[in-house]
Engineer: 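One structure follows; several queries about it will come next.
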Amino acid sequence: MVSANQLTYQYAGGKSMAYPDIQANSGDSLLILGQSGCGKTTLLHMLGGLLRPAYGSVTIKDTNIATLSDKNLDRFRGQHIGFIFQKSHFVQSLTVKDNILLAPFLAKKVTDTKRMQSLANSLGIDHLLNKLPSQLSQGEQQRVSIARAIIHQPDLVLADEPTSSLDDVNTAMVAALLQQLCHENGAALIIVTHDVRLKNLIANQITLTP
């Protein structure tokens with residue numbers, strides 16, 4: 001469903017980074033580990049089409065996204081990819097409910113309030129829907145980020161350090177929910193992190209080195 005082959009990225013004025021090949025099918029979970037500076041976020045951004053590789057290909061649902069124009073890449077990303085960033089990037093003036101529903105709206109997909117409510121129930125955030133993001137704890141914000149990332153039923157979910165600021169209990173919960181919901185929705189899940197607590201929670205792993 002998603003594959004990356006012979007990826008390299010050239011930093012401006014810096015060294016070229018080469019990455020191992022990646023393959024993940026629908027419902028799979030892949031953990032990419034590595035210390036700060038090894039290029040984890042750069043890899044994630046290439047997989048999501050936020051950065052273009054210097055060489056190599058990223059194929060999602062038989063589409064090599066590196067060949068798409070900027071406009072078509074934006075459209076493809078909105079329809080097929082869900083992001084969970086280390087910082088949530090909510091629209092602070094919107095409620096939790098409207099932040100979640102913003103994803104299908106921007107992807108020009110049907111706004112399914114029933115699906116949103118079902119996701120909120122599964123994630124234990126149904127009582128938070130009318131609150132503002134600033135009123136949520138870190139763990140609550142992460143669960144809202146998960147809902148926002150999968151509400152539009154993407155084929156690929158990319159998560160950047162989703163547990164770095166969570167305690168052990170919330171780390172285990174977030175990891176389990178991410179895997180469960182992506183598997184149920186047929187989405188491939190790729191997490192990049194330096195959080196070694198996840199090593200025992202996700203079996204399929206790749207470790208990057210500087």
Engineer: Report the distance from atom CD1 of I206 to atom CD of Q23, rounding to the nearest 0.5 Å.
Structural biologist: 10.5 Å
Engineer: Report the distance from atom CG of L208 to atom NE2 of H194, rounding to the nearest 0.5 Å.
Structural biologist: 14.0 Å
Engineer: Tell me, yes or no, whether the heavy-atom count around K61 atom NZ, taken from other residues, nucleotides or ligands under 6.0 Å, exceeds 12.
Structural biologist: no
Engineer: Any chance you could measure T193, atom OG1, to L31, atom CG, to the nearest 0.5 Å?
Structural biologist: 7.0 Å
Engineer: Give the C-alpha distance, both sets of side-chain angles, the deciding distance and a yes or no for side chain to side chain contact (heavy atoms under 4.5 Å, CB included) between L123 and L181.
Structural biologist: CA-CA 9 Å; L123 288 161; L181 290 170; 3.7 Å; yes
Engineer: Do the side chains of L106 and V144 join up, straight or via other hydrophobic residues, at under 4.5 Å, putting them in one cluster?
Structural biologist: no
Engineer: Supply the atom-to-atom distance Y55 OH to N5 CG, rounded to the nearest 0.5 angstrom.
Structural biologist: 10.0 Å
Engineer: Step by step, work out the side chain to side chain contact (heavy atoms under 4.5 Å, CB included) result for L166 and D195.
Structural biologist: CA-CA 10 Å; L166 302 180; D195 189 346; over 6 Å; no
Engineer: Begin from the C-alpha positions of M46 and Y19 and carry the test side chain to side chain contact (heavy atoms under 4.5 Å, CB included) through to its verdict.
Structural biologist: CA-CA 11 Å; M46 286 192 291; Y19 293 92; 3.5 Å; yes
Engineer: Are L156 and L73 linked, directly or through other ILVMFWY residues, by side chains that come within less than 4.5 angstrom of each other?
Structural biologist: yes
Engineer: Locate the shortest heavy-atom distance separating F90 from Q141; write the atom from each residue and the value.
Structural biologist: CZ-O, 3.5 Å
Engineer: Quick one: does any side-chain atom of N185 pair with a main-chain N or O of A187 as donor and acceptor, under 3.5 Å?
Structural biologist: no
Engineer: Heavy-atom count around Y11 OH within 6.0 Å, excluding the residue itself: above 12?
Structural biologist: yes
Engineer: Determine, step by step, whether D74 and K71 satisfy the salt bridge (charged side-chain N to carboxylate O under 4.0 Å, His left out) criterion, reporting the C-alpha distance in whole Å, the side-chain angles of both residues, the deciding distance to 0.1 Å, and the verdict.
Structural biologist: CA-CA 5 Å; D74 285 343; K71 181 178 180 180; over 6 Å; no
Engineer: Quick check: closest heavy atoms across M116 and I100, and the distance to 0.1 Å?
Structural biologist: CG-CG2, 3.8 Å
Engineer: Under 3.5 Å, side chain of T95 to main-chain N/O of D98, donor-acceptor pair present?
Structural biologist: yes
Engineer: Between R197 (side chain) and T171 (backbone), is there a donor-acceptor pair under 3.5 Å?
Structural biologist: no
Engineer: Assess the side chains of D160 and T41: does a donor N or O sit below 3.5 Å from an acceptor N or O?
Structural biologist: yes
Engineer: Checking I60 against T63 for the side chain to side chain contact (heavy atoms under 4.5 Å, CB included) test, could you report, in this order, the C-alpha distance in whole Å, the side-chain angles of both residues, the deciding distance, and whether it holds?
Structural biologist: CA-CA 5 Å; I60 301 170; T63 297; 5.7 Å; no
Engineer: I need the minimum non-hydrogen distance between L7 and G56, along with the two atoms involved.
Structural biologist: CD2-C, 3.9 Å
Engineer: What is the minimum heavy-atom distance between V91 and P133, and which atoms define it?
Structural biologist: O-CG, 4.0 Å
Engineer: According to a 4.5 Å side-chain heavy-atom criterion applied to Ile, Leu, Val, Met, Phe, Trp and Tyr, with indirect links allowed, do L50 and I84 form part of one hydrophobic cluster?
Structural biologist: no
Engineer: Using atom types as modelled and distance alone, determine if a side-chain donor or acceptor of H152 lies under 3.5 Å from a backbone N or O of L102.
Structural biologist: no
Engineer: Does some side-chain heavy atom of H45 sit less than 4.5 Å from a side-chain heavy atom of T42?
Structural biologist: no
Engineer: Does L68 belong to the same Ile/Leu/Val/Met/Phe/Trp/Tyr cluster as F83, with side-chain heavy atoms less than 4.5 Å apart forming each link?
Structural biologist: yes
Engineer: Do you know the tightest heavy-atom contact between R148 and I151?
Structural biologist: O-CG2, 3.3 Å
Engineer: With no hydrogens and no angle check, is any side-chain donor or acceptor of S122 less than 3.5 Å from a backbone partner on S118?
Structural biologist: yes
Engineer: Surrounding NZ of K40 (heavy atoms of other residues, nucleotides or ligands, distance under 6.0 Å), is the total greater than 12?
Structural biologist: yes
Engineer: Answer yes if the side chains of Q138 and Q142 hold a donor-acceptor pair under 3.5 Å, and no otherwise.
Structural biologist: no
Engineer: So how far is it from S88 OG to R143 CZ, rounded to the nearest 0.5 Å?
Structural biologist: 12.0 Å
Engineer: Got a donor-acceptor contact below 3.5 angstrom from the K131 side chain to the V96 backbone?
Structural biologist: no
Engineer: With rounding to the nearest 0.5 Å, note down the distance linking CG in L47 to CD1 in I32.
Structural biologist: 6.0 Å
Engineer: If you define the side chain from C-beta out and look only at heavy atoms, does anything of L129 sit under 4.5 Å from Q117?
Structural biologist: yes
Engineer: For residues I191 and I202, report the shortest heavy-atom separation together with the two atoms involved.
Structural biologist: CD1-CD1, 3.6 Å
Engineer: Please check if L33 and M17 belong to a single hydrophobic cluster, counting links between Ile, Leu, Val, Met, Phe, Trp and Tyr side chain heavy atoms closer than 4.5 Å.
Structural biologist: no
